[in-house]
Visitor: 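Quick one: the structure is below, and I'll ask about it shortly.
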There are 2 protein chains.
Amino acid sequence: MSTIYDVARRAGVSPKTVSRVLNSDGPVGEKTRETVEAAMRELGYVRSNAARMMRAQKSGIIGLITGAISTKNQPSTQQGLPDLYIVQGIQRALETSGMTVMIADTAGRNDRVPHLIDTFLSHRVEGLIYVAEYHQEVNLPHLPDDTPLVLANCFDARGTPAVVPDDRRLQRDLVRRLIAAGHRRIAYLSLRPDMAAGRLRPLGYREALDEAGLSFDPALLQHVDFDQSEIGPQLLWDTIDRMLQLEQPPTVLCCGNDQMAMMVYGILRSMGRKMPDEIGVAGFDNYRAIAETLYPPLTTVDLPYNAIGARSGERLMQLISGDGRDDHSPVLVAGPVHWRGSVTELRPENVISFKTLREEKQ
Amino acid sequence: MSTIYDVARRAGVSPKTVSRVLNSDGPVGEKTRETVEAAMRELGYVRSNAARMMRAQKSGIIGLITGAISTKNQPSTQQGLPDLYIVQGIQRALETSGMTVMIADTAGRNDRVPHLIDTFLSHRVEGLIYVAEYHQEVNLPHLPDDTPLVLANCFDARGTPAVVPDDRRLQRDLVRRLIAAGHRRIAYLSLRPDMAAGRLRPLGYREALDEAGLSFDPALLQHVDFDQSEIGPQLLWDTIDRMLQLEQPPTVLCCGNDQMAMMVYGILRSMGRKMPDEIGVAGFDNYRAIAETLYPPLTTVDLPYNAIGARSGERLMQLISGDGRDDHSPVLVAGPVHWRGSVTELRPENVISFKTLREEKQ
DNA sequence: CGGTGTCATGACATCGATGTCATGAACCGA
DNA sequence: TCGGTTCATGACATCGATGTCATGACACCG
């Protein structure tokens, strides 16, 4: 591959002049510039990043550590593709910055993280983002102080800058909307409580109930470990069955995520329940491949992974430029409710007394 | 960040000796080695890739170009996450090679590909892999001859080394299996014929019918552009409705992919058809998030994107080492049929005459 | 017309790791 | 004991781009 020297020789100028043309540094004569540009074209010259970076002491590289790529063939993924969308958002946020994003994958093994960090450091990355597959607490090895780090979709105990979903608010918004549609008996099939989502979302659920003056019925809030491959569906079936046997059965089932909702569709139909007229279903995530393809399409709330990524990227650029290095409060991100065919708006006479609530929603 | 010189000074040796410790090059005295290693530890030394690569004229970097990350929020993704799994496979294949994989995303815009290639060349990648989101023909800009390129999940007219799914064989294997299970009226809801998959898979379908001596009924093979967001579901509904009205209706519906199958589940149930007893459904891709979560679980055939990635990685390493540079035949990859609850094995008395076929399947 | 500035260009050093060659010490066999 | 060998180490050049400083050619001003 040709170098700046080759170009210089061919154009009959000094390497420095070629460099000037490349970077529009100092002044270059019009004719000289053209000769040099021609030479570069003819040789198919591409500037060496290694040499450049070495001189400049800046790599222009952002390192991204994620399991997005390799963890996606678990027996059944409990969530959508959060980390993937996050990565996408990061790329979008950084593409205007001129930085090159390097992605490294953990291959599902957290013990490889230190090694990946080392590789990145050897490339002298200017910043690192660690992306978790679901909202959780993590504990990364320490980094040299001059390399900023942002945690996306996770947080740690050291107060490292983090960007996480606002689970509580999202669930609250969704339930608010269901209430505004006239629903009063709202069941919630939650994720395992050892996950951040399984802890925070029920809080939002209750918050919405409280606001509307609806009493909380413990029988309607159940944690279901639905993605255990064997007994998961059975657990889900039993839980739903029990709820439907209640004296005042729910009119909507809120699911921990869209994938659980998909499973619930099959179960309700096997039970002979008509959706959405007899019973509605709501998801969480707005995992479009599912939410829009299911029949009827799924009402759900948008966990904006893209935005989480984008905000992470922005936060990192901020840190690189030296700003907000001692701001330790996490960035919370939320998204809109998507109202689709899987939940009925109950008849107006039921809804009318909640007019105010409904307006507030907007 | 500290350099080899800092380490040398601290250890009281020359930089070259430090280099020798790092690379286990020439001989180093036991005590010297320990001193140097201690110095490195104390300084938190990490070797600079830029300098190394510059000297060595080798980057140890493989470039990956894909839309895997950004294309995943199309209104409804027509396929699973093929390119993602492919990327995963590539990583797995390359992780033992000591190469660093750099992933660049097209952000859904093919016009950015030349720019990405330039970026990679400026990093002096030792090889490139282009990953397509679905099996198709592509046309990339020319590369300098000394940088090898492999096409994954796509091919071009120039005979660039390529690794693609064996769509024809996969569909044939699936239909063979259905026939072995006793099915005779097998409908095929195919993808658009302008996609490689929409052309090749019907060939496999017919091949399996021919083998078994079953006559081909054109009424049972329909191309459905199901992922047009508005009319898609309606088209699918009408097509299925028409097929079920036939004098001899099908006993199984083969779908162009698992996502179409998911939609078909909803439609059949809305029509009041019981699955799998009245009618079976089969998919394509073994997109597990769908196939295993649907109720009942989906019978489908495994399009092994992982393997496509792995083979691509291996092929690239081969090219880099100089082997098989003039082998232009594409690598074809297939996977197994996954038999799940969405299709019934018809009663033995129906099946018995096909014993031979059934045995052959194994 | 000499001095001062601007413009266009080049010589040279530098970034960090490492290949090449040189040097000195210890060691070995004859 | 001496020439040859191996071992341990260092001096120096090199990779390609670019920052710093220098140089020569004009132009402009008083």
Side-chain angles (χ1 to χ4, degrees), chain A residues 1-37 39-40 43-61 98 100 118-119 121-126 144 146, chain B residues 1-37 39-40 43-61 98 100 118-119 121-126 144 146:
Chain A
M1 186 137 293
S2 52
T3 76
I4 200 175
Y5 294 91
D6 302 324
V7 175
R9 204 172 322 118
R10 182 169 193 121
V13 299
S14 79
K16 179 66 222 195
T17 300
V18 178
S19 169
R20 274 193 268 261
V21 172
L22 274 170
N23 301 287
S24 320
D25 273 313
V28 180
E30 190 52 39
K31 263 176 293 179
T32 318
R33 151 166 287 112
E34 276 161 23
T35 321
V36 170
E37 278 168 354
M40 293 198 301
L43 291 172
Y45 170 78
V46 182
R47 111 140 109 347
S48 156
N49 236 289
R52 184 158 204 242
M53 160 189 331
M54 191 169 150
R55 186 73 242 258
Q57 297 293 68
K58 279 203 180 179
S59 62
I61 297 176
T100 304
D118 264 14
T119 303
L121 290 178
S122 83
H123 284 280
R124 298 294 187 269
V125 291
E126 298 187 35
D146 50 355
Chain B
M1 187 137 295
S2 52
T3 76
I4 199 175
Y5 294 91
D6 302 325
V7 176
R9 203 172 321 120
R10 184 171 192 119
V13 299
S14 79
K16 179 67 221 192
T17 300
V18 177
S19 169
R20 275 193 267 262
V21 172
L22 274 171
N23 301 286
S24 319
D25 273 313
V28 179
E30 190 53 38
K31 262 176 293 180
T32 317
R33 149 165 290 114
E34 276 161 24
T35 323
V36 171
E37 277 168 354
M40 294 200 299
L43 290 173
Y45 169 78
V46 182
R47 118 140 99 355
S48 157
N49 237 291
R52 184 160 205 241
M53 162 188 329
M54 191 169 148
R55 185 74 245 255
Q57 297 293 66
K58 280 204 181 178
S59 62
I61 297 178
T100 304
D118 262 14
T119 303
L121 289 178
S122 83
H123 283 281
R124 298 291 187 272
V125 292
E126 298 187 35
D146 49 355

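All heavy atoms count here, side chains included; hydrogens, waters and symmetry mates do not. Residue numbers start from 1 in every chain, and the chains themselves are labelled A, B, ... in the order their sequence lines are given, proteins ahead of strands.
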Visitor: Determine, for nucleotides 13-23 of chain D in 5'-to-3' order, which nucleotides have protein heavy atoms under 4.0 Å from the base (write B), from only the sugar-phosphate (write S), or from neither (write -).
Guide: BBBBBBBB---

Visitor: Taking the side chain as C-beta and beyond, is there a heavy-atom pair between A:L22 and A:M40 under 4.5 Å?
Guide: yes

Visitor: Answer yes or no: is there a side-chain heavy-atom contact under 4.5 Å between A:T3 and A:S48?
Guide: no

Visitor: Do the side chains of B:H123 and B:S59 get nearer than 4.5 Å, heavy atoms only?
Guide: no

Visitor: Distance-only check: which donor-acceptor pairs under 3.5 Å involve side-chain atoms of residues 24-32 of chain B, not counting sequence neighbours?
Guide:
none

Visitor: Which donor-acceptor pairs under 3.5 Å do the side chains of residues 9-16 of chain A make with protein atoms, sequence neighbours left out?
Guide:
| from | atom 1 | to | atom 2 | distance (Å) |
| --- | --- | --- | --- | --- |
| A:R9 | NH2 | A:D6 | OD1 | 3.4 |
| A:R10 | NE | A:E42 | OE1 | 2.7 |
| A:R10 | NH2 | A:E42 | OE1 | 2.8 |
| A:S14 | OG | A:K16 | N | 3.4 |
| A:S14 | OG | A:T17 | N | 3.3 |
| A:S14 | OG | A:T17 | OG1 | 3.3 |

Visitor: Would you mind reporting whether A:Y5 and A:V18 have side-chain heavy atoms less than 4.5 Å apart?
Guide: no

Visitor: Counting C-beta onward and ignoring hydrogens, is there a side-chain heavy-atom pair between A:I61 and A:E126 closer than 4.5 Å?
Guide: no

Visitor: At under 4.0 Å between heavy atoms, what does B:V18 touch on the DNA or RNA strands: base, sugar-phosphate, or nothing?
Guide: nothing

Visitor: Are A:V36 and A:Y45 side-chain neighbours, meaning at least one heavy-atom pair lies under 4.5 Å?
Guide: no

Visitor: Between A:S122 and B:N49 (side chain of the first, backbone of the second, donor and acceptor by atom type, cut-off under 3.5 Å), is there such a pair?
Guide: no

Visitor: Any pair with a residue in residues 45-60 of chain B that passes salt bridge (Lys or Arg N to Asp or Glu O under 4.0 Å), sequence neighbours left out, goes on the list, sorted by first then second residue, please.
Guide: none

Visitor: Roughly what angle, to 10°, lies between the helix axis at the start of the helix from C:dC1-D:dG30 to C:dA30-D:dT1 and the one at its end, five pairs per end?
Guide: 50°

Visitor: Is there any protein nitrogen or oxygen under 3.5 Å from a nitrogen or oxygen in nucleotides 24-27 of chain C, and what are the pairs?
Guide:
none

